[in-house]
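One structure is given below, encoded as structure tokens.
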Amino acid sequence: MTTDRDISELGYRPCVGVMLVNHTGEVFVGRRIDTKEGDFWQMPQGGIDEGEDPREALFRELWEETGVTRDKVAVIGQTREPLRYDLPDELIGKLWGGHYRGQEQNWFLARFEGTDEDVNLEAHEHPEFCEFRWVTASTVPDLIVPFKKRVYRSVVAEFAELI
């Protein structure tokens, strides 16, 4: 059993997130394959490998989760500072080998310069999304699991003028 003291000693997993917007300013969201409860969608995100530059992690994660290659993307913004969230108590110790209490995410805003045909959710051996869609930025926080809503609201607010 994980105690409050154990949790406070856990760190945050280094991570990147990508708000990918199309030419009309809509945001890419993918429906997670592994969501057991609810209909939750999220923007591409994932861990930064040890020694990896966050911008390189952005391109790697974007390709792994969407099949979108770097030549179809222009990075146009980054959050001023990393954003953190804590996992709900029932997930602590079950994800990421039990080493983290949540994630510290470096968020990037990127303009998608391709078409929907450039998206391939099965590009990676272990797909994370089963479908995708483009939505208005203001609706993105309503689509994510509850424990990530604060981070998503911050990302949308910080990138609002650039979208």
Side-chain angles (χ1 to χ4, degrees), residues 10-35 40-87 91 94-135 137 140-141 143-145 147-163:
L10 294 174
Y12 289 89
R13 179 177 180 241
C15 185
V16 294
V18 185
M19 177 181 266
L20 185 66
V21 294
N22 64 17
H23 67 283
T24 62
E26 292 177 307
V27 178
F28 177 100
V29 291
R31 185 167 185 250
R32 291 192 55 92
I33 287 176
D34 62 359
T35 301
F40 299 115
W41 298 69
Q42 73 177 42
M43 294 182 282
Q45 62 182 57
I48 299 172
D49 293 338
E50 190 170 332
E52 186 178 32
D53 176 78
R55 190 174 283 252
E56 287 305 310
L58 166 162
F59 291 116
R60 179 183 50 75
E61 283 293 335
L62 191 60
W63 178 82
E64 287 178 1
E65 296 188 6
T66 70
V68 173
T69 55
R70 74 173 57 219
D71 62 316
K72 301 289 183 189
V73 174
V75 177
I76 55 177
Q78 182 176 358
T79 51
R80 289 182 296 279
E81 59 188 23
L83 302 170
R84 287 183 175 176
Y85 71 83
D86 289 329
L87 291 169
L91 293 179
K94 295 181 180 170
L95 299 178
W96 313 307
H99 298 291
Y100 305 102
R101 66 193 279 183
Q103 293 196 86
E104 181 174 87
Q105 300 176 315
N106 295 279
W107 279 92
F108 293 87
L109 176 63
R111 179 86 50 209
F112 180 51
E113 298 175 340
T115 67
D116 284 359
E117 287 73 35
D118 295 311
V119 176
N120 177 5
L121 301 181
E122 296 180 356
H124 191 258
E125 183 179 348
H126 304 286
E128 291 200 27
F129 300 133
C130 54
E131 59 183 300
F132 75 95
R133 63 185 180 181
W134 298 94
V135 299
V140 172
L143 302 174
I144 190 65
V145 292
F147 62 92
K148 295 182 184 179
K149 284 185 186 297
R150 181 188 53 77
V151 167
Y152 271 42
R153 282 192 288 269
S154 296
V155 170
V156 169
E158 191 164 341
F159 290 152
E161 290 185 22
L162 295 174
I163 296 172

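What you find for L162 and G77 is that their closest heavy atoms are CD1-CA, 4.2 Å. Across L10 and R101, no two heavy atoms sit closer than the pair O-CD, 3.1 Å. Considering every non-hydrogen atom in both A123 and G67, the closest pair reads CB-CA, 3.6 Å.
In this structure, the side chains of V151 and I144 stay at 4.5 Å or more apart for every pair of heavy atoms. R133 is listed as a side-chain neighbour of W41, based on a closest heavy-atom distance under 4.5 Å. R153 places none of its side-chain heavy atoms less than 4.5 Å from the side chain of V156. The side-chain heavy atoms of P82 and E104, taken from C-beta on, include a pair separated by under 4.5 Å. With contacts defined as side-chain heavy-atom distances shorter than 4.5 Å, the pair K149/Y85 does not qualify. Two residues are said to be in side-chain contact when any heavy atoms from C-beta on lie closer than 4.5 Å; Y12 and Q103 fail this criterion.
In this structure a side-chain-to-backbone donor-acceptor pair under 3.5 Å is present from Y152 to M43. In terms of modelled atom types and a separation under 3.5 Å, the side chain of E65 and the main chain of F129 share no donor-acceptor contact. Within the 3.5 Å criterion, the main-chain N or O of R84 finds a donor-acceptor partner in the side chain of R150.
For the atom pair E64 CD and F59 CZ, the distance stands at 14.0 Å (nearest 0.5 Å). Here OG1 of T66 is found 11.0 Å from CD of E128. Values are rounded to the nearest 0.5 Å. Note that CG of D86 and OH of Y100 are 14.5 Å apart. Values are rounded to the nearest 0.5 Å. W63 contributes atom CH2, which lies 12.5 Å from atom CZ of R70 (distance to the nearest 0.5 angstrom). The distance from the NE2 atom of H23 to the CZ atom of R111 is 10.0 Å, given to the nearest 0.5 Å. For the atom pair CG (L121) and CD1 (I33), the distance works out to 8.0 Å, reported to the nearest 0.5 Å.
A salt bridge does not link E56 with R60: none of the charged nitrogens is closer than 4.0 Å to a carboxylate oxygen.
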Would you mind writing out the side-chain donor-acceptor pairs for residues 15-22 within the sub-3.5 Å range, not counting sequence neighbours?
unit_1: N22; atom_1: OD1; unit_2: T24; atom_2: N; d: 3.0
unit_1: N22; atom_1: OD1; unit_2: T24; atom_2: OG1; d: 2.8
unit_1: N22; atom_1: OD1; unit_2: G25; atom_2: N; d: 3.2
unit_1: N22; atom_1: OD1; unit_2: E26; atom_2: N; d: 2.9
unit_1: N22; atom_1: ND2; unit_2: E26; atom_2: OE1; d: 3.4

